[in-house]
Protein chains: 2
Amino acid sequence: MSSLQEPTPIVRRPLHEEAADRIRDLIVQGQLAPGTRLNERLLTAQFGLSRTPLREAFKVLATEGLVELLPNRGAIVSQIDTVRLAETLAVMGALEALAGELACRNATDAQLNEIRALHYEMRAHHARGDLAGYFKFNQAIHLKIVKYSGNAVLNTTYRQMNGYVRRARYMANLSRERWDAAVREHDEILAALGARDVKRVKALLSDHLAHKLASVLAELGRPVAEQAA
Amino acid sequence: MSSLQEPTPIVRRPLHEEAADRIRDLIVQGQLAPGTRLNERLLTAQFGLSRTPLREAFKVLATEGLVELLPNRGAIVSQIDTVRLAETLAVMGALEALAGELACRNATDAQLNEIRALHYEMRAHHARGDLAGYFKFNQAIHLKIVKYSGNAVLNTTYRQMNGYVRRARYMANLSRERWDAAVREHDEILAALGARDVKRVKALLSDHLAHKLASVLAELGRPVAEQAA
DNA sequence: GTTTTGTATTCTGCATGCAAAATGAGCTCT
DNA sequence: AGAGCTCATTTTGCATGCAGAATACAAAAC
């Protein structure tokens with residue numbers, strides 16, 4: 001038992017995972033607005049499976065925080081409440097600072113070049129004033145930095161939080177000033193990463209996220225600014 | 001509808017939550033060793049419920065990382081692998097540094113006094129050489145700091161990771177030197193917290209966790225030390 | 001006109017049933 | 001004795017059924 005055992009480990013993917021992925025995408029991409037009720041009968045019909053695996057998916061999404069389970073009243077897409085959003089961004093700041101530190105140490109040059117490429121793509125969209133395109137590459141850069149930290153736990157934790165926060169991106173209606181500033185911050189982050197300057201990367205990422213948090217909070221005008229980093 | 005509506009919101013707790021809690025406790029407290037198979041029939045008999053809610057609980061525990069789901073082969077208590085342990089501790093270090101910072105700002109004096117009390121209890125157990133008692137209060141202190149950060153997302157994230165890590169505590173067979181050093185570090189942390197010295201608390205907690213990580217890794221003798229903070 | 005009450009319908013929570021996959025025991029063949 | 005095969009048993013994955021809770025709606029009371 002050595003070479004030709006399993007070219008492809010053909011184990012059918014459990015239905016509940018499939019369902020969880022599909023619903024997660026719908027939520028994260030904003031197709032299912034916060035507060036929307038997730039009707040079991042409806043979704044089973046739509047996905048072509050029975051209630052059991054669907055309900056299992058609900059449980060998973062609930063522990064991920066994307067869905068809220070009301071006893072005897074089913075599941076709703078969780079509200080994006082301001083406090084939780086701020087809290088999540090604060091935590092993501094800490095995570096990303098760590099990610100930057102580790103990426104400085106562990107990322108290969110090729111990986112840094114990948115990030116660099118994404119950065120220039122992002123700048124291109126910024127130059128054109130294409131906000132949606134900008135967001136896409138911005139996201140990709142941050143996810144890559146976290147990924148190339150080489151810490152899998154960090155990666156999954158971050159991605160999960162990102163799923164929650166991402167839905168709020170249209171809420172922060174990003175002023176032109178903030179947008180330009182964010183791009184400049186990215187320039188600096190990239191430079192520091194290239195120089196493998198741990199301390200600087202860490203500080204820059206921490207600040208970057210703090211600014212993002214501040215801009216989101218400003219946009220939402222809530223007086224919860226105190227408890228953020 | 002104002003005053004006498006719901007003295008206690010008597011909504012029966014879903015069975016799957018109950019089950020998840022019970023199994024989680026068994027795993028975290030080490031009564032269910034890593035690798036143990038979780039037989040559905042057995043557990044349903046033991047808990048007095050049917051397979052459906054039990055399986056829902058499995059899904060939750062799986063997303064929490066305490067249980068591994070093998071398609072068509074059921075659930076096993078997840079192994080504590082060294083790499084993941086190290087990665088988790090690194091992330092917890094970042095989280096706890098943030099927690100310390102926020103606690104400095106947000107914790108009330110009464111809350112700091114609570115932590116202080118726990119600290120002296122811990123010292124008492126250390127003085128007696130009572131390792132189990134020491135661990136208990138040590139845990140409690142760290143959890144309180146995180147809790148009094150006032151950031152709920154941080155709190156739940158930290159607690160979840162702690163659940164995974166806690167099972168490994170007996171693995172790190174803590175030398176007397178490291179034990180003494182840890183206690184001294186706690187002294188300093190407490191002092192800095194009392195002085196509300198954000199920068200210092202942050203640094204101390206970060207170092208404290210890094211030392212813990214190093215000691216665990218040393219004990220386990222794995223060459224994964226590079227990728228930690 | 002508004003609120004309350006009664007009732008029908010829908011939906012959730014959980015148990016159970018059934019088919020497919022995995023495990024294990026015994027057997028055969030080398 | 002050990003490796004491979006067959007078949008019975010166990011176990012998982014999923015669908016469905018049923019009871020109770022929640023919701024919706026309409027008629028009645030104020």
Side-chain angles (χ1 to χ4, degrees), chain A residues 1-24 26-27 32 35-63 66-79, chain B residues 1-24 26-27 32 35-63 66-79:
Chain A
M1 56 320 197
S2 55
S3 59
L4 68 155
Q5 46 179 3
E6 349 160 62
T8 44
I10 332 151
V11 274
R12 207 172 56 63
R13 193 128 178 283
L15 294 188
H16 74 91
E17 280 185 25
E18 196 84 33
D21 284 352
R22 292 178 68 174
I23 300 172
R24 190 183 299 112
L26 289 175
I27 295 175
L32 284 174
T36 309
R37 272 200 74 196
L38 298 176
N39 185 301
E40 291 183 3
R41 197 171 43 75
L42 218 74
L43 287 171
T44 53
Q46 187 168 344
F47 290 168
L49 40 67
S50 84
R51 288 175 54 219
T52 306
L54 181 69
R55 301 184 89 251
E56 292 176 347
F58 282 178
K59 304 297 178 295
V60 169
L61 295 169
T63 69
L66 288 177
V67 148
E68 205 170 334
L69 257 37
L70 312 174
N72 292 321
R73 305 209 277 139
I76 61 169
V77 178
S78 72
Q79 298 290 346
Chain B
M1 56 322 196
S2 55
S3 59
L4 68 156
Q5 46 180 4
E6 351 161 58
T8 45
I10 331 152
V11 273
R12 206 171 57 64
R13 193 129 178 282
L15 293 189
H16 75 90
E17 281 185 25
E18 196 85 33
D21 285 352
R22 292 179 67 174
I23 299 172
R24 190 183 299 113
L26 289 176
I27 294 175
L32 284 173
T36 308
R37 272 200 74 197
L38 297 176
N39 184 301
E40 290 183 3
R41 198 170 43 75
L42 216 75
L43 287 171
T44 53
Q46 186 168 342
F47 290 168
L49 40 67
S50 83
R51 289 174 54 216
T52 306
L54 182 69
R55 301 184 89 251
E56 292 176 347
F58 282 178
K59 303 296 178 294
V60 170
L61 295 169
T63 68
L66 288 177
V67 148
E68 205 172 333
L69 257 38
L70 311 175
N72 293 321
R73 306 210 276 138
I76 61 169
V77 178
S78 72
Q79 298 290 347

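Throughout, a chain's letter reflects where its sequence line sits, starting with A, and its residues are numbered from 1.
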Original post:
Can you tell me if the side-chain N/O atoms of B:Arg55 get under 4.0 Å from OP1 or OP2 in C:dA15?
Top reply: no
Subject >> All pairs passing salt bridge (charged side-chain N to carboxylate O under 4.0 Å, His left out) where residues 38-47 of chain A contributes a residue, at least two apart >> reply: A:Glu40-A:Arg51, A:Glu40-A:Arg55
Subject >> Spatial distance of atom CG (B:Asp21) from atom CZ (B:Arg13) [nearest 0.5 Å] >> reply: 4.5 Å
**OP:** Figure out the CG/P separation between A:Asn72 and C:dC11, and round it to whole Å.
**Re:** 15 Å
I'd like a list of close polar pairs between nucleotides 6-10 of chain C and the protein, N/O only, cut-off under 3.5 Å.
none

Original post:
Hey, what do you get for CG (B:Leu32) to CG (B:Leu43), rounding to the nearest 0.5 Å?
Top reply: 7.5 Å
**OP:** Would you work out how much the helix from C:dG1-D:dC30 to C:dT30-D:dA1 bends between its ends, with each end axis defined by five base pairs, to 10 degrees?
**Re:** 10°
**OP:** State, yes or no, whether a side-chain contact exists between B:Leu15 and B:Phe47 at a heavy-atom distance under 4.5 Å.
**Re:** no
Subject >> Check: B:Leu38 and B:Leu54 side chains under 4.5 Å, non-hydrogen atoms >> reply: no
**OP:** Return the value, rounded to whole Å, for the distance between atom CZ of B:Arg13 and atom P of C:dT12.
**Re:** 21 Å
Original post:
Can you tell me how far P of C:dA21 sits from CG of B:Leu70, to the nearest Å?
Top reply: 17 Å
Original post:
When rounded to the nearest 0.5 angstrom, what is the spacing between OG1 in A:Thr36 and CD in A:Gln79?
Top reply: 8.5 Å
Original post:
Within the distance-only criterion (no hydrogens, no angle test), does the side chain of A:Ser78 pair as donor or acceptor with the backbone N or O of A:Leu66 below 3.5 angstrom?
Top reply: yes
Original post:
Over how many whole Å does the gap from B:Glu56 atom CD to C:dT12 atom C1' extend?
Top reply: 11 Å
**OP:** Would you indicate what A:Leu38 reaches in the nucleic acid, counting non-hydrogen atoms under 4.0 angstrom: base, sugar-phosphate, or nothing?
**Re:** sugar-phosphate
Subject >> Atom-to-atom span, CG of A:Leu15 to P of D:dT12 - whole angstrom >> reply: 17 Å
Original post:
For A:Asn39, what residues pass the side chain to side chain donor-acceptor pair (under 3.5 Å) criterion, not counting sequence neighbours?
Top reply: none
Subject >> A:Glu40 CD to C:dG13 C1', straight-line distance once rounded to whole Å >> reply: 9 Å
Subject >> Under the side chain to side chain donor-acceptor pair (under 3.5 Å) test, residues paired with B:Thr63 that sit two or more places apart >> reply: A:Thr63
Original post:
So, is B:Arg73 near the phosphate of C:dT23, with a side-chain N or O under 4.0 Å from OP1 or OP2?
Top reply: yes
**OP:** Quick one: closest heavy-atom pair of A:His16 and A:Pro53, and the distance?
**Re:** CB-O, 3.3 Å
Original post:
Taking atom P of C:dC14 as reference, at what distance in whole Å does atom NE2 of B:His16 sit?
Top reply: 7 Å
**OP:** Whole angstrom is fine here: how far is it from CG in B:Leu54 over to P in C:dG13?
**Re:** 17 Å
Original post:
By a strict heavy-atom criterion of less than 4.0 Å, which residues belonging to residues 42-53 of chain A are in contact with DNA chain C?
Top reply: A:Arg51
